[in-house]
Amino acid sequence: MTNRAPDVLVSRRQALTGALAVAGGALGPAAARAETPKPSLNALAQAKGMRFGSAIAAGASDARRMGGSIDNPPYADVVASECGLIVPENEMKMQALRPGPDTFDFHRADRLMAFAAQKGLAVRGHNLLWVPTKWLPAWLNQYDFGSRPASTAETLLVTHVKTVCGHFGERLGSWDVINEAIDPATGKIRETVLTRHLGDRVIDIAFHAAREALPKCQLVYNDYMEWERGNETHRAGVLKLLERLRHDGVPVDALGLQSHIGGDSELVGQAGAPDPKAWRRFLEQATGLGLDLLVTEFDINDRSLPADPAVRDARAAAYVREYLDLTLSFPQVQDVLAWGMVDRFSWLNDRTPRADGLPKRPCPYDADYRPKPLRDAIAAALAGAPPRTAPHPPHA
Ligand code: 9MR
């Protein structure tokens, strides 16, 4: 305890500075915040039988997460005005919900559930198992699986899925059961402490346990095999996994297209330019397996677009429009979620910075909560999408 005290002090101080920074930044623009354009993105989506949503946080100890959260009124207001559903940015991950093998802590996720109920928003779950070792709780990576490691590992996983699904119950109509199982470099299932003991069955076990706990819930495999060149191995690996799961009767209902588009270079350099033909083929193959689709974490990385915001926004908007027009031409896409609505709270600002040091502009609203051309591009793509004739899945 004693040697942890300085950390605690630092993080309290940071939390306070962060909160003040957000309040200072948010209150001014909030007072002047432009009206959210009408119709809202969700209304445009609904007119086509879809829903529009966003990630949101429950507030945290640093300014960025506090900002993109229910504790920041102008942010919460943008989300409530534009969206029909939300997804917790971090609060339902195993790292957040399960501080130890025998303990669960739902209080932050429950704050988001209360916010959603108060605003009449649906919620989708993200995620039951985020596969890469880096994102597993430290205690799990160091766990002593004892003399019967496979059965111990299975029990840990099933307990997690059942406890979490049981806690939220049917309030969540859709869950990312497995997040990012495929290694983009090899197209194979990533090796982790769980696969060491259970092999690829990890995935089957999680889906079966989720179906047992929530028979009506949409169960999703979610990953970031994007439309740009360079994602071929990743896309092929995801398809191979999905084919195997369908063949083996594993209850996966939908593929979540994270849609973090733009990559890490000039939209996205020679090697990484979009490949619409390959993307269409990929979506055809996924839907050919009988899967629904969702856009789960949409944003655009404008890391090396020109500094001038008008030029940058126009280029980003055109790129987004092309991506969404193609993706939404598949009627199997019924939910479109942005990974945050306001530029300055985007996770992309924590990543490889722009060479000119300027903040990125990955979201539909700018740092002062004003709608951008990116919002217009999303609106136009939703308005131009073919109507969904099939009813929204009963589980949603
Ligand atoms: O946006 C999330 C960021 O706040 C977290 O620090 C990070 C690690 O938990 O996760 C980010 O969200 C990721 C999502 O859960 C899965 N797909 C990629 C997203 C961006 O990294």
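Every heavy atom of this structure was used, including side-chain atoms; hydrogens, water molecules and symmetry mates were not. All ligand and atom numbering here is 1-based and tracks the order in the structure. In this chain, residues are counted from 1 in sequence order.
- Aromatic pair Trp227/Phe282: ring centres not closer than 6.0 Å.
- When each atom of ligand 1 is checked for a heavy atom of Trp347 under 4.0 Å away, the hits are 1 (O), 20 (C), 21 (O).
- Taking the six-membered ring wherever Trp is involved, the centroid distance between the rings of Phe106 and Phe168 falls below 6.0 Å.
- For residues 77-103, no residue pair satisfies the ring-ring contact (aromatic ring centres under 6.0 Å, His included) rule, not counting sequence neighbours.
- Between Glu297 and ligand 1, at least one pair of N/O atoms sits closer than 3.5 Å.
- The shortest N or O to N or O distance between Glu180 and ligand 1 is below 3.5 Å.
- Under the 4.0 angstrom criterion for non-hydrogen atoms, Tyr224 is not in contact with ligand 1.
- The aromatic rings of Trp130 and Trp135 sit parallel, their planes meeting at an angle under 30°, below the 60° perpendicular limit.
- Within the hydrophobic cluster formed by Ile, Leu, Val, Met, Phe, Trp and Tyr side chains joined at under 4.5 Å, directly or through other members, Val220 is accompanied by Leu294.
- An N or O contact shorter than 3.5 Å is missing between Asn179 and ligand 1 by distance.
- Taking any N or O of Trp130, backbone or side chain, none lies under 3.5 Å from an N or O belonging to ligand 1.
- For the residue pair Glu297/Asn222, the side-chain donor-acceptor check at 3.5 Å is satisfied.
- Every atom of ligand 1 with a heavy atom of Gln258 under 4.0 Å away is listed here by number and element: 17 (N), 18 (C).
- In this structure, Gln95 falls outside the shell of residues with a heavy atom less than 4.0 angstrom from ligand 1.
- Remark: Glu243 CD is packed, more than 12 non-hydrogen atoms of other residues, nucleotides or ligands lying under 6.0 Å away.
- When each atom of ligand 1 is checked for a heavy atom of His260 under 4.0 Å away, the hits are 18 (C), 19 (C).
- The shortest N/O to N/O separation between Trp135 and ligand 1 does not fall below 3.5 Å.
- Contact annotation for Asn127 and ligand 1: no heavy atom of the residue comes within less than 4.0 Å of the ligand.
- Comparing His126, Lys93, Glu89 by heavy-atom distance to atom 10 (O) of ligand 1, the nearest is Lys93.
- Of the charged side-chain nitrogens involved, none lies within less than 4.0 Å of a carboxylate oxygen, so that Asp275 and Arg281 do not count as a salt-bridged pair.
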